[in-house]
Amino acid sequence: MAYDVIVIGAGHNGLACATILAKEARRVLIVEQRDVIGGLCAGEEFHPGYRHTGLLHDTSGLRPWLVEELGLSGHGLKPGPAPHRVFSPQTDGPGLVLSSVPDESVAEIARHSDRDARQFQVFGTFLGRLRKVIEPLLNKTPVNPSDLGVGDFFDLAPHGIAARRLGKRDMMELLRIPPMCVADWLREWFETELLNASIAGPAISGGWTGPWSPGTSTNFLMQTSTWNGPGQGGVAAVVSALENAATGSGVEIRTGAAVKRIDIEQGAVRGITLLDGDEIEARSVVSSCDPRTTFLDLISPRELSHKLEQYVRDYRMRGTTAKVHLALNRPLEWASRPGEQFEYIRTGEELDDLERAFDAVKYRQRSERPVLEVHVPTVARPDLAPQGHSVASVLVHFAPHHFEEGWSDSAREALGDAVVDERERYAPGARDLVVGREVLTPVDIEKRYGLAGGHIYHGEHGLDQLITRPVPGCTGYATPLDGLYLCGSGCHPGGGVTGAPGALAAHVIQSSRQ
Amino acid sequence: MPIPTPFHPRTSEFCTSLQWKEWAGYYAIRSFDVHFDREYYAFRHAAGMIDVTPLYKYDVRGPDATAYLNRIVVRNIAKLKQNQVAYLCWCDDDGKVIDDGTVTRFEEDYYRVTSTDPDFHWFLRHMRGFDVTVENITDEVAALSVQGPNSRDVLRDVCDADMDKLKFFRTTKTRVDGGIDARISRTGYTGDLGYEIWVKNDDALGLWDALMAAGEPHGLVPAGLDAMDVTRIEAGFILNGIDYFNALHSLIERRKASPYELSLGWAVHLKRDPFIGQEALRHIKKDGPPRLFVGLDIDWPSFERLFAKHGLPPEVHSGGWRTGVPIYDSGGNFIGQATSGAWSPLLKKNLALATVQAEHGHIGNTVHLEVTVEYERKTVPATIVPKPFFDPERMKA
């Protein structure tokens, strides 16, 4: 055997998984199809002299236990600069800055509504109580609901006890809220639409959902219950720490190595074959690719049961997010807060703005007025652009992967124009700062990152797809094929820069080897 | 509402009984006469001709055609020679039968599948990764089945293929009556010497007329489904939807059956490339099937006595029956069900096809079949006998 384990993909999950496995002195190889390491977190130059820090920019979900387990602080990862602020601009008004320092947020909200400012404090403590129940579930291997054993009972018992400690009222809320749409739930709490829109934004990011879609509250609860604040240096620091940890543990990383297929013989993994024809043997293969790519592109249809293939085909991965990178010749300023610099900005002044943006995608159209999640990495990392210049890295909601008119070059540029137009509403004059741009439609994202449907979370965070993630039969990282494991965002606990699926998969693989 | 087959102008002309039924969306004749016995005896003593157009037909073509079909069906069809036909079934992931039918290899990369149920969707679903096309030609190709000891003589007189060289479960291209391109396959559903002939819809009436003309001296008679049903029971052939149920349509596990429970275990080739249900079938084979598909010879004197008690002559169905009845062991415990049966005019026996628990399924065992006599439920002993009940040498000779 050439390798004990081959991990496919050098994203955060692949790196985390390989590093943990390599700690038991296994021969571990990561193969990465691209020439850069980091997957969706790989920073690249998109315009001469301007760099972005990757497709995703939110590292606040990275798990502290993972940072500790991999010793990432020893590899240069530092706790984030407090406070963390997200700015919601208005066309006519002061906008709103939500901060990781509660008092700052309360003062900001009070500019709009005293009642909401008081409510926000209650909201914060309420979420803190729920977090005690939700967070542990998102940091452990999922329980297979169809195969509960005695061990699972003891495993789950503490969660039950934690839930009981919530008391009747919170317990009822914990049962009531998850299937709800985030809009209805937030309107129970707050009257300020700008605040509601700002809070709801992340709950619908990446989804095939608007704020009035059922189950979007779950997404919010998941994110808020695992929010740890971003580290210093953003995704770039996470990726470089993970890469250092991996190579430090003896993991071999081969870039520019696209996998043609996972070789399987009589239901068991034998290794992989690369696109260049190179065959590499391994006892186990761990795929950090999305489930559809793994099962439908990398494995011969002859090796899949019909049921599994149907599940994978029915797994929803409808990409709705585009990415626009803008090279700007000055720092970005917003009409609501002249003179201030923000690293994280979210547009959408009311819930209807988000819902209207989503409406289009249902009919295979892109939003006329997209919702923008803007990251200005140059605020913290001026070195990403020439002196005095800046970079705006924009996640655009919503643009359908299956765009009705197809993603031609002109359609791609029209999308870029719509993003610039939308930003112009809040930052008049910003249009003239643009010296270069890169527009990635969901189809471009699919191609560049090998992501089926261009779905940034490797599959939608629907309630069903969170409970049996990704599909029945593969919920615990192992698959029906001997020696084949999944470790990407398509697994529990889902997408985003968390490292959790990768690390939890590694734990499962370790225990199955013992 | 059913539609007529391309033979309808002719078949309707002969159908004096006006007894029609729906078969796979087509009008099909139950019997041409008021009673089917003339048609039945034609099948067994001369030749009968039945319109089998409604049987589903799918054409599979392409470089991966063999690998593709081998992925779906339980039998290794890579072994099929050109112009050879294989009887087989296909299963779901759990090794439970979806349907049974035939696969004919016309050319290296060209096959035709026939099925009882509309399974086109199932074949479409498994195309990913295979360079094939699958075409549903059910509505484009008309089919007649000529069955019976004289069937070869009829065809020999009307087509240019060498009928004496066409072996059992082989097929050949031919030209009928000097002008109609057809494919003849030496297969059928009567358990006798017989052939199935496929032509384009436009040639249907020409084929009918040519065969009727050539068949006259050989006693060829148009036949309906009622006659064929008795012959298929004598031949011990299973019928999807009657003797077993399509696993995809079954709401409960008990309704599903593996090939080993349908006497189709011989068609399952486990030692080969992966196919759908293979893993499950390995286990089923190892553990042994829980039920067996058997033939029953219902004891006639006992049957007669049950009716005699009420002063009645024994009442048998006039043709094949397919209303399932329970089967008990000598202690009165339920052990299975008879799913179809018929009085065999040829063998003079009261026959049934049944599924029973494996431990009761050995040849020679006596089981007890429910019969209703004058509204009262009784049982009658029946002996498990080998299938087929009727197996003439001429079928394969």
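So that the names make sense, note that chain A is the first sequence line, chain B the second, and so on, each numbered from 1. What's counted below: heavy atoms across the whole structure, side chains too, no hydrogens, waters or symmetry copies.
- With respect to Glu135(B) and Arg61(B), a salt bridge is recorded, a charged nitrogen being found less than 4.0 Å from a carboxylate O.
- Heavy atoms closer than 4.5 Å to chain A are found in the side chain of Arg71(B), but not in its backbone.
- Heavy atoms closer than 4.5 Å to chain A are found nowhere in Phe275(B), neither backbone nor side chain.
- Residue Asp273(B): no heavy atom, backbone or side chain, is found under 4.5 Å from chain A.
- Looking at Asp314(A) and Arg316(A), no side-chain N of the basic residue comes within less than 4.0 Å of a carboxylate O on the acidic one, giving no salt bridge.
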* To do: Step by step, work out the side chain to side chain donor-acceptor pair (under 3.5 Å) result for Thr66(B) and Tyr111(B).
  => CA-CA 8 Å; Thr66(B) 307; Tyr111(B) 293 87; 2.8 Å; yes
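- Phe168(B) does not carry Arg186(B) over the face of its six-membered ring by the limits of under 6.0 Å from the centre and within 45° of the normal.
- Interface remark: Gln266(A) contributes no atoms to any contact with chain B (heavy atom separation under 4.5 Å).
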